[in-house]
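Quick note on labels: first sequence line is chain A, next is B, and so on, each numbered from 1. As a basis for the values below, the full set of heavy atoms in this structure was taken, side chains included, without hydrogen atoms, waters or symmetry mates.
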Amino acid sequence: MYLELQQQLSERIRETIQSKYGIELVSIAIEQPPDVKLGEFATPVAFELARKLRKAPKIIAGELAEALSAQSDDSAFTSFGAAGAGYLNVKLNRVATALRLSVENEGLNSGAGLHVLVEHTSINPNKAAHVGHLRNAILGDTFVRILRANGQTVDVQNYIDNTGVQVADVVVGFLHLENRSLAEIGSIISACEAKDEKFDYLCWDLYARVSQWYDAGTEEENKQRKAIRYATLHEIERGGNETAEAADLISTAVLRRHLETMLRLNIEYDFLPRESEILHLHFWELAFELLKKSGVLYFETEGKNKGCWVMSRPGSGNGSDAAAAEDGQESGVDEDAKVIVRSNGTVTYVGKDIAYHLWKFGLLGRDFGYKPFFQYLDHLCWISAEQGEAEHPHFGGAQAIYNVIDSRQSDPQANVIHALRGMGHTAEADRYTHFSYEMVALTPRCAVELGYTVAEEDLARPYIEVSGRKGFGVKADDLIDQLIAASRKEVDARQTERTADERAVIANQIAIGALRYFMLKFTRNSVIAFDFKDALSFEGDTGPYAQYAIVRARNIFRKAGIEPEAALTEFAALDQAAVTSLLAEADDIWGLWLRAAKRSLTLDQCIAASEPAYVARHVFQLAQEFNNFYHKHRILIEEDPARKTLLLATAAVALREMVTLLSWLGIEAPEAM
RNA sequence: GGGCGAGUAGCUCAAUUGGAUAGAGCAUCAGCCUUCUAAGCUGAGGGUUACAGGUUCGAUCCCUGUCUCGCCUACCA
């Protein structure tokens with residue numbers, strides 16, 4: 001609601017300036033004064049006008065205030081005044097705003113009708129998920145929830161690289177280090193499932209062992225081992241052999257584990273496109289023709305990339321790739337060009353990615369086959385297949401896409417966007433968002449706690465990068481287990497009269513709340529130096545802090561014997577004059593209403609900047625303000641009935657907002673804490 | 001070498017994208033449970049926003065230079 005008021009005010013000031021001074025301003029900045037006593041809105045527009053009008057900002061602000069005050073019939077804003085060195089401050093009609101807010105509960109819905117595709121998680125299916133993957137999945141899932149709150153239709157995809165070198169390494173481990181047959185691998189997987197052991201954990205260790213094995217022998221041995229590695233990879237890529245079958249068995253079992261891990265955090269997917277289908281359904285061949293036709297790709301005849309099909313890099317040259325190809329000899333060879341097809345005819349990862357992204361936008365002219373893969377409570381998750389079911393939903397062909405991939409991938413992502421633009425798909429390139437974020441690393445202290453040997457020079461650094469190859473990292477399920485154990489201890493101590501089952505549910509909600517909030521409170525491009533002390537904290541700027549505020553608010557209504565909705569209805573029936581004076585003298589109470597009104601603003605900014613942390617910050621501020629309110633006002637023993645109704649309504653609105661905002665973050669509010 | 005990101009309180013991070021006195025959490029110290037649950041609240045200390053210039057009414061934010069740190073930068077996949 002705040003956003004609408006802001007836009008309304010901005011437009012009105014713009015018109016006033018236009019009619020009074022004849023100056024056309026494109027946009028008017030509206031912000032909030034440092035203290036609510038000064039008003040709810042402020043604009044520094046007079047500073048901007050000072051030079052043009054050759055008047056002091058303070059005088060201009062005064063004139064504008066006078067002109068705006070003179071305009072009649074407006075119920076939203078009650079007063080305009082000049083303040084400070086030349087700010088124009090605006091006061092809101094508190095009662096009217098509160099009344100609107102008490103009945104309004106819709107989202108922003110400015111994105112209605114937009115069909116978008118969000119891709120996140122995308123873990124190589126060769127080992128267990130770790131903290132870094134958690135950040136990816138939580139960011140992605142939260143952004144999906146936020147886009148949906150904005151009315152957008154969202155398909156959630158999790159890309160599976162099941163034919164890459166990482167899967168090949170684990171296959172090498174099973175076939176060559178452990179000397180397992182295909183059948184034995186199958187029984188290991190079913191034994192894990194039967195014994196409730198984690199197959200992805202087993203792969204985690206094996207992957208680390210294989211990585212070491214490649215370098216552990218004599219020079220001659222290592223050469224042979226690398227040869228095994230690439231032979232394995234090529235067999236997996238080709239398909240239709242036992243090695244590929246082993247890879248499929250392993251990667252599918254690990255993928256299933258990933259989906260189970262993510263489900264613990266309430267993260268679900270709609271579709272799992274796999275690289276094996278991108279290969280076998282020949283997406284690349286189609287894309288190759290399109291790329292050649294558009295001139296984005298050209299055949300290099302000189303220099304180090306001789307014999308390759310290459311493409312210019314985003315930053316280089318004047319953008320005309322075809323022209324660059326033609327006068328290549330004249331202007332010198334572009335040695336910096338990105339190789340897409342190697343001189344031996346094989347395609348690079350970026351090439352396959354371009355093909356895949358043409359499909360995402362419905363520009364490839366070919367589709368995956370689809371098979372059901374994982375059943376959620378209320379929907380089915382599909383997986384790509386060479387020959388799928390006759391009846392299936394359709395994915396791809398989105399209007400806008402978001403790829404949640406860490407910042408290390410920004411170069412290849414930029415290449416794909418560059419290719420799309422070069423092919424003339426500029427609208428699609430503009431709606432292609434690399435939702436980039438920094439990695440999760442471990443503090444040296446955390447690494448030592450986990451029993452890893454840390455090099456001397458690493459001990460002095462603020463953080464150390466995790467590495468699946470070295471088996472260095474915190475596994476997602478382990479972290480979740482630790483969080484649940486820690487919250488369970490607290491719940492057991494506090495909720496002695498509840499059953500074990502009830503306590504388990506609460507402990508789970510708190511643990512997930514803590515974890516999701518922890519991953520969301522940092523802005524995207526700040527590296528998270530992971531530490532158990534911070535991640536396991538339930539105090540201060542954490543998820544449980546907000547959950548606790550909700551529990552407190554609900555307790556008020558439980559003890560009062562009244563529903564929050566009823567309190568809001570009663571509030572609406574109060575004498576307006578009485579409410580006016582109550583709200584006028586209580587800036588702290590009004591501040592909570594005002595904060596609650598800012599949901600629309602937060603949503604808008606969050607989507608514009610692709611920054612879920614804004615929502616986390618907003619809900620924390622709201623919870624903080626509510627806790628202050630809670631301590632200051634003893635609602636149940638309030639004697640003035642009108643005042644009590646106002647206090648209850650305030651709590652009801654704060655409660656509603658906190659619950660809504662936490663649901664956007666994928667965090668549930670427990671019954672009790 | 002080139003590209004991207006970062007440098008803010010002892011630590012971890014914010015700062016409505018150029019606005020009024022740079023704010024939170026943790027940690028430290030001092031208080032508040034016979035009250036709607038203390039996973040909470042109140043207060044204190046803690047800052048030359050890496051450094052030097054520039055742009056303007058105004059700079060943590062934009063520009064230039066310097067320093068420091070991280071990531072990316074293969075015809076590997």
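Note on A:N555: a side-chain N or O is less than 4.0 Å away from OP1 or OP2 of B:rU37. Proximity of A:K304 to the phosphate of B:rC75: a side-chain N or O atom is located under 4.0 Å from OP1 or OP2. Dashed line: the shortest gap from a side-chain N or O of A:R617 to OP1 or OP2 of B:rC13 is not under 4.0 Å. For B:rG5, neither phosphate oxygen OP1 nor OP2 lies less than 4.0 angstrom from any side-chain nitrogen or oxygen of A:N525. When the side-chain nitrogen and oxygen atoms of A:R552 are compared with OP1 and OP2 of B:rA38, one or more of them lie within a distance under 4.0 Å. An OP1 or OP2 oxygen of B:rC71 is reached within less than 4.0 angstrom by no side-chain nitrogen or oxygen of A:R461. Side-chain N/O atoms of A:R342 include one lying less than 4.0 angstrom from OP1 or OP2 on B:rC76. Dashed line: the shortest gap from a side-chain N or O of A:K559 to OP1 or OP2 of B:rU35 is not under 4.0 Å.
The nearest whole Å value for the distance from the CD atom in A:Q413 to the P atom in B:rG3 is 21 Å. Straight-line distance from the CZ atom of A:R51 to the P atom of B:rG18: 19 Å, rounded to whole Å. At whole-Å resolution of the value, CZ in A:F626 and P in B:rC41 are 11 Å apart. The CG atom of A:D541 sits 9 Å away from the P atom of B:rC26 (whole-angstrom rounding). Separating the CD atom of A:Q32 from the C1' atom of B:rG23 is a distance of 14 Å, rounded to the nearest angstrom. The interatomic distance linking A:E539 (CD) with B:rG25 (P) rounds to 12 Å, in whole Å. Separating the CZ atom of A:R238 from the P atom of B:rA77 is a distance of 15 Å, rounded to the nearest angstrom. Note: CZ (A:F522) to P (B:rC26) measures 14 Å, nearest angstrom.
In this structure, B:rC11 and B:rG25 make a Watson-Crick or G-U wobble pair, each of the two defining distances being under 3.5 angstrom. Applying the Watson-Crick and G-U wobble criteria (two distances, each under 3.5 Å), B:rU42 pairs with B:rA30. Checking B:rC75 for Watson-Crick or G-U wobble geometry (two distances, each under 3.5 Å) identifies no partner in any strand. The partner of B:rU56 is absent, by the rule that a Watson-Crick or G-U pair needs both atom distances under 3.5 Å. Pairing for B:rG70 is with B:rC4, a Watson-Crick or G-U wobble pair whose two hydrogen-bonding atom distances lie under 3.5 Å.
Glycosidic conformation, B:rU49: anti, with the torsion outside 90° of 0. In this structure B:rC67 sits in the anti conformation; its chi angle is more than 90° from 0.
Taking the C1' atoms as reference points, B:rU56 lies 11 Å from B:rC62, given to the whole Å. Atom P of B:rC32 sits at a distance of 37 Å from the matching atom of B:rU8, rounded to the whole Å. The gap from the P atom of B:rC4 to that of B:rG46 amounts to 40 Å, rounded to the nearest Å. Taking the C1' atoms as reference points, B:rG19 lies 30 Å from B:rC26, given to the whole Å. Rounded to a whole angstrom, the distance from the P atom of B:rU42 to that of B:rA27 is 16 Å. To the nearest whole angstrom, the two P atoms, one in B:rG65 and one in B:rG70, are 22 Å apart.
The stacking criteria are not both satisfied for A:F47 over the base of B:rG58, which would need a centre-to-centre distance under 5.5 angstrom and an angle between ring planes under 30 degrees.
Using a 4.0 Å heavy-atom cutoff across all strands shown, A:D169 reaches no nucleic acid atom at all.
With hydrogens and angles ignored, the 3.5 Å screen pairs no side-chain donor or acceptor of A:E300 with any backbone N or O of A:V310. With hydrogens and angles ignored, the 3.5 Å screen pairs a side-chain donor or acceptor of A:N628 with a backbone N or O of A:Q624. At least one donor-acceptor pair closer than 3.5 Å links the side chain of A:Q547 to the backbone N or O of A:E668. Distance alone, capped at 3.5 Å, places no donor-acceptor pair between the A:R524 side chain and the A:F435 backbone.
Using a 4.0 Å cutoff on non-hydrogen atoms, the parts of residues 432-445 of chain A near RNA chain B are A:M439, ordered by number.
Taking the charged nitrogens against the carboxylate oxygens, A:R461 and A:D458 do have a contact shorter than 4.0 Å, which makes a salt bridge. Using a 4.0 Å cut-off between a side-chain N of Lys or Arg and a carboxylate O of Asp or Glu, A:R313 and A:D334 do not qualify as a salt bridge. Using a cut-off of 4.0 Å between Lys/Arg side-chain N and Asp/Glu carboxylate O, A:R408 and A:E465 are scored as salt-bridged.
What you find for A:G351 and A:I340 is that their closest heavy atoms are CA-CG2, 3.7 Å.
Here the two rings, on A:Y356 and A:Y159, have centers that are under 6.0 Å apart.
Comparing A:E48 and A:N628 along RNA chain B, the residue whose closest nucleotide (by nearest heavy atom) sits nearer the 5' end is A:N628.
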